[in-house]
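The next block holds one structure in the form of structure tokens; read it before the comments.
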Number of protein chains: 2
Amino acid sequence: MDLSLQQLKGFVAVAEEQHFGRAAERLSMTQPPLTRQIQGLERSLAVSLFDRTGRGVRLTAAGAVFLEHCRRMLALLEIAPEATRRAADGQTGTLRIAFTAIGAYAVLADFLTMVGRRTPAVTAELMELVSPDQFEALAGLKVDLGLVRPPIPEQFESLLVHSEDLVLAVPAGHPLAVGDGPVSLSEVTDDYIGYSPEGSRYLHDICAAMVGMNRYAVSQLASQVPTMLALVRAGLGCALIPRSIMAMRVQGVSYRELDSADAHSVTLHACWSPDNPNPALQRLVESLQQNPQLDA
Amino acid sequence: MDLSLQQLKGFVAVAEEQHFGRAAERLSMTQPPLTRQIQGLERSLAVSLFDRTGRGVRLTAAGAVFLEHCRRMLALLEIAPEATRRAADGQTGTLRIAFTAIGAYAVLADFLTMVGRRTPAVTAELMELVSPDQFEALAGLKVDLGLVRPPIPEQFESLLVHSEDLVLAVPAGHPLAVGDGPVSLSEVTDDYIGYSPEGSRYLHDICAAMVGMNRYAVSQLASQVPTMLALVRAGLGCALIPRSIMAMRVQGVSYRELDSADAHSVTLHACWSPDNPNPALQRLVESLQQNPQLDA
DNA sequence: ATCGATCGATACCGTGAGGGCATCGCGTGG
DNA sequence: CCACGCGATGCCCTCACGGTATCGATCGAT
């Protein structure tokens with residue numbers, strides 16, 4: 001093994017002091033072993049680093065070059081432990097965050113802002129995944145945090161991030177497309193476009209309960225909201241969609257609010273594995289437990 | 001003393017192999033001391049770098065950060081010896097080159113080109129100094145190479161870089177200002193502007209010999225050629241200047257060539273101290289001794 | 001020229017950090 | 001439940017490295 005850090009530190013000290021005795025004192029050691037350190041260094045580099053002029057020593061040109069390298073290395077060595085500790089307690093690091101297409105419209109921006117406030121030096125890595133894939137990624141530690149809809153498997157911890165009610169999306173030519181006030185689900189006489197029980201189990205179940213299983217299952221099924229809007233637009237039926245999607249203005253689709261009697265809220269949760277060792281996640285979770293206000 | 005290079009290398013090996021046994025093998029050692037190295041590392045950092053999962057190990061987030069730092073350090077460590085050796089044999093480094101104002105016009109560009117060809121990765125640092133200051137700087141190792149005029153003190157080595165003859169500079173209104181062919185020094189009836197015997201000993205002596213000491217000493221003395229041209233322009237007399245200065249077109253000054261009988265060449269030499277330990281200089285000198293052709 | 005001071009190099013000795021061998025504890029897979 | 005694999009631990013030994021004493025050379029002062 002050639003080149004030890006002690007040799008490098010010794011070399012830097014001698015180079016700066018231009019004097020073995022003073023350098024040894026600075027290093028809290030005596031001069032002879034320091035001399036040997038430098039000799040060993042020069043031997044393993046096969047290069048003279050100092051001109052011994054009887055009266056003190058002077059760096060050679062090669063020594064000056066080596067000194068620069070040593071300074072860079074020692075500077076890195078200096079900051080490495082602190083940087084590592086910051087990463088260990090989650091002050092720095094990377095959070096891999098997954099989200100659903102729906103979540104992206106409603107809350108992703110605010111959520112990222114909140115994360116940025118709580119863990120300022122942490123980098124967020126984003127990935128769009130449907131909820132089932134998110135749970136798999138969370139379990140496999142491919143992702144640190146997911147924005148998902150219920151039901152959330154018991155193995156995960158979660159926090160309610162957003163709650164909103166459902167509104168009715170109707171095709172442009174539909175009788176309910178004109179008008180302004182709330183409508184009742186009983187006014188909808190034609191088919192619903194339903195959520196896929198596999199891809200969007202949560203919305204499927206809620207909507208099925210709202211309109212009655214018998215009427216709900218008759219039309220197309222879709223798992224992603226943009227697909228549903230396309231189907232509504234094509235006149236295939238009405239759909240129940242989260243209110244925040246209204247911000248997504250789609251040509252040929254009108255929205256109507258529901259009677260308070262029929263209104264039903266759907267939720268979006270931040271979700272993580274308690275086994276996840278990512279300190280940045282742990283720090284964020286800790287912060288959330290102390291103050292669950294999302295705008296704090 | 002915390003953190004040894006062995007620990008860092010051991011850590012990188014384990015991080016890359018995700019396995020203490022294989023890492024130890026790669027490092028040509030056995031597993032137990034490697035385990036202790038990592039333990040010591042984690043203890044001095046006060047950070048867990050690996051998750052021990054019974055089945056192999058996995059880097060923590062902090063470990064990943066530390067790994068990056070280690071890689072950077074070890075990469076520096078890898079290249080440092082080679083860079084130092086290159087500096088030691090003069091392949092890289094800095095050459096501090098001094099030149100006179102005169103030299104700058106005539107040969108500096110070609111000279112730097114030649115240096116660049118012979119020592120491609122060497123940086124040149126330039127400085128304008130009059131010849132006596134150059135010798136002092138060369139002796140004090142403040143400068144590696146000087147472009148000077150004779151006489152050159154015996155302690156230095158030198159190489160003829162440029163030789164040119166002198167031409168006559170006359171004021172615009174002077175009788176000799178018109179005409180094209182060579183003139184004889186005997187046609188000059190008025191005063192000469194002479195070189196200072198201190199600042200430009202060489203040119204002073206040559207010019208004095210050319211025109212005769214008695215006639216030479218009568219007018220102004222200047223040490224720098226631009227000053228002389230200003231004096232000529234002011235009509236204070238004629239001057240003998242190196243031919244290369246003709247390239248410097250000065251309003252109100254005309255140049256006449258001298259009869260071959262009167263022509264006299266002046267030389268410029270590259271000059272260095274044989275004691276100078278700068279390897280870049282040594283390499284250049286070596287190259288010059290093998291092939292003194294300046295355009296090679 | 002000589003002597004003394006200063007500074008780096010060398011000789012020798014002792015200790016402890018670090019590596020090897022043997023073994024343990026534990027978690028996993030057959 | 002057993003056997004295997006892997007990291008952790010205990011013990012021993014060696015040698016690398018630091019300390020003390022001293023040498024040798026160079027430079028400055030007398």
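In what follows, chains carry the letters A, B, and so on, assigned in the order in which the sequence lines appear, proteins first and then strands, with residues in each chain numbered from 1.
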Using whole Å, what does the distance between atom [atom2] of nucleotide [N] and atom [atom1] of [X] come to?
X	N	atom1	atom2	result
B:Leu41	C:dG18	CG	C1'	15 Å
B:Gln18	D:dG5	CD	C1'	16 Å
A:Asp51	C:dG8	CG	P	13 Å
A:Phe20	C:dT10	CZ	P	11 Å
B:Gln6	D:dC17	CD	P	9 Å
B:His19	C:dG27	NE2	C1'	14 Å
B:Phe50	D:dA8	CZ	C1'	15 Å
A:Arg43	D:dA16	CZ	C1'	13 Å

Problem set entry | Check ion pair B:Glu25-B:Arg22 (N to O, under 4.0 angstrom) |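 Not counted as a salt bridge, because no side-chain N and carboxylate O are separated by less than 4.0 Å.
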Exercise. Is a salt bridge present between B:Glu82 and B:Arg85, judged by a nitrogen-to-oxygen distance below 4.0 Å?
Worked result: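 Judged by the 4.0 Å cut-off on N to carboxylate O distance, B:Glu82 and B:Arg85 do form a salt bridge.
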For this session: Could you verify whether a donor N or O on one side chain and an acceptor N or O on the other, from B:Gln39 and B:Thr35, lie under 3.5 Å apart?
Result: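 No - no donor-acceptor pair under 3.5 Å links their side chains.
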For this session: Examine the side chains of A:Gln91 and A:Asp89 and answer whether a donor and an acceptor come within less than 3.5 Å of each other.
Result: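 A:Asp89 and A:Gln91 do have a side-chain donor-acceptor pair below 3.5 Å.
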Exercise. Is there side-chain contact between A:Leu41 and A:Leu3, with at least one heavy-atom pair below 4.5 Å?
Worked result: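 Yes, side chains in contact.
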For this session: Identify, residue by residue, the members of residues 27-40 of chain B with a heavy atom below 4.0 Å from DNA chain D, and return them in order of residue number, or none.
Result: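 Result for residues 27-40 of chain B: B:Gln31, B:Pro32, B:Thr35, B:Arg36, B:Gln39, sorted by number.
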For this session: Decide side chain to side chain contact (heavy atoms under 4.5 Å, CB included) for A:Phe50 and A:Arg58; before the verdict, give the C-alpha distance in whole Å, the side-chain angles of both, and the deciding distance to 0.1 Å.
Result: CA-CA 5 Å; A:Phe50 292 103; A:Arg58 206 182 51 232; over 6 Å; no
